[in-house]
Amino acid sequence: MAEKKYDVIVVGAGSTGGALSAKLSENPDLSVLLLEGGPVYSRVEEMPQELLAPAIVAAGAPGHPNNWAYMGEVRRGLSIPYPRGKGLGGSSSINGCYYIRGTRDDFDTWAKLGNDLWAFDKVLKYYKRMERDLDFGGDAHGTDGPVPVRREPLDRAPEFTTAFDEGCHALGFGSDPDKNDPRPEGGVGPVPLNIFEGHRFGTALAYLLPATGRPNLTIVGNAVARRVLTEKTRAVGIEATVDGRPQVFHGTEIVISAGALRSPHLLLVSGIGPAAHLREHGVDVVRDLPGVGQQLTDNSMVTASWDSRLHLVKQIDRGTMTSTLHWTAEGSDLELLPMVTRNSDMLGVTDVFARPLKAAKAMIGTSPKAVTRQARALRHAMLGIVVQKQESRGTVTLVSGDPDKLPDLRWNLLSEQQDYVRFRVAIRVAFELFNTSGLRELGASIVGLDARTVEDDKKLDAWAFERVGGGHPSGTCRMGPASDDQAVVDQRLRVHGIDGLRVADTSIFPTMTSRGPNATAMMIGEYLADIMQDEAAR
């Protein structure tokens, strides 16, 4: 394998890299090498249940072999092992199957920042091309794409979902039956999910397994990329370890798709990033790009628990979400997203106990208070209170020039006062919602949140601070024109100043999307495949 030169090398088989590799390999004249740091599979039957069952997110637990579990400080004083998918499909194989597009405003903002190829009317084609919507048709939706999209029928959690929807209406919010409509009104409506026949349909099932028989697509698992190899200002290959042994792969084009935490780290140890920072850690500077590893952003979320007299049925082949509420306030889209299964059923506590030493090792440095709170929450269900667009920014920086040393990850959540203001609005709406008549009749309440806390800004800020986290890191290799000193890639996702090198994953987001980003991450892979094919045909 190491002797061959590939047309394209893609690093990372996640949401973007998986879609990109499969789409590129549809061209039989193009040789594609996909390097994945975790395990790969050739058949569905080889995949662990926790990667297939949509209601189980046990692979996100510390110590799981399909979770990188990068340790990072999400806000001052709180360090946690941050779940990122490891293996075929990446994080799309361990997530909750939430599949909502970014909004028109999101992409038109990207266009205004100098990325006109990413205006909404241009990306809509790729959203439609990749989906097979089983509920909605018409011009807004795809019907024969690789990703099946559906919403849970009311029988999934009829009492709670009805009361939640009616409570939102009682507070004056409208109905939003199709969250992927290009003209979102906001309001309450069912969550689109990439679930089909009881399976989580991330890029593993939707893209890569159907493509594994193609002779021009080579997938190498347990292949951890260590650095990009360059000759002057051109990328020429990847240095990696495969099953622990060093190996070099050469390619005409290199696409880094390792996620918003790993992609910037790979650039930094390869000499691409802020020059002074690289020199500080003994890394030879190949290209001074100040934005690499900067501008880390997220859909910041206060994770609360909700309780009731209901018996929440464990159904591992169904979704964990039914309805969600979106609205806009204080300059950000806000979201209330309740789960309809207990945390203990969803998180797979028995799976953690099955590998206690690995779990304990992965949790070294974690806040004891955070561990205690999570343990207490296991008997409850989760409520996500989300500020989709935050002002706070974090960083991915080197602690060493050694590629095997993990970077320093700091989200700096709630470091900007405006984010507190937004959470106050969202938490107060959540409290009011859980006090509407239908939810009160079910005995529903938000655990640990009372009227005194809600009425006091300082107490409410402290309540949010203790529970804030993320889940969708983005922005660390920002897309933008060369005139933007924080831009790392141009709008064709080419790294500024380095020929033959691109980055493609959520790290390229110029601003955060107003909905969870997984559908958008897959769409980027679809779109970039066309961009690269068009360039090659010229």
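Note that these values count all heavy atoms, side chains included, but never hydrogens, waters or copies made by symmetry. The model shown is predicted, which means the values in this text are computed figures rather than measured ones.
Between Phe201 and Phe196, the ring-plane angle classifies as perpendicular under the 30° and 60° cut-offs.
In this view, Arg410 and Glu73, Asp408 satisfy the side chain to side chain donor-acceptor pair (under 3.5 Å) rule, not counting sequence neighbours. Applying the side chain to side chain donor-acceptor pair (under 3.5 Å) test to Asn194 and every residue at least two apart in sequence or in another chain returns nothing. In terms of the side chain to side chain donor-acceptor pair (under 3.5 Å) criterion, residue partners of Arg422 (sequence neighbours excluded) are, by chain and number, Glu391, Asp419. The side chain to side chain donor-acceptor pair (under 3.5 Å) search around Arg43 returns Glu45, not counting sequence neighbours. By the ring pair (Phe, Tyr, Trp, His ring centres under 6.0 Å) test, Phe160 pairs with Phe164, Trp306, sequence neighbours left out. His141 pairs by the ring pair (Phe, Tyr, Trp, His ring centres under 6.0 Å) definition with Phe136, not counting sequence neighbours.
Scanning all heavy atoms of the two residues, the minimum distance from Thr513 to Asn299 falls at O-ND2, 3.4 Å. In this structure, Ser21 and Leu34 approach most closely via the heavy-atom pair OG-CD1, 3.4 Å. Heavy-atom minimum distance, Met301 versus Gly384: SD-CA, 3.5 Å.
Applying the ring pair (Phe, Tyr, Trp, His ring centres under 6.0 Å) test between Trp118 and each of Phe107, Tyr527, Phe509 identifies Tyr527 as the sole match. Residue Asp106 is tested with Arg515, Arg101, Lys389 for a salt bridge (Lys or Arg N to Asp or Glu O under 4.0 Å); the sole match is Lys389.
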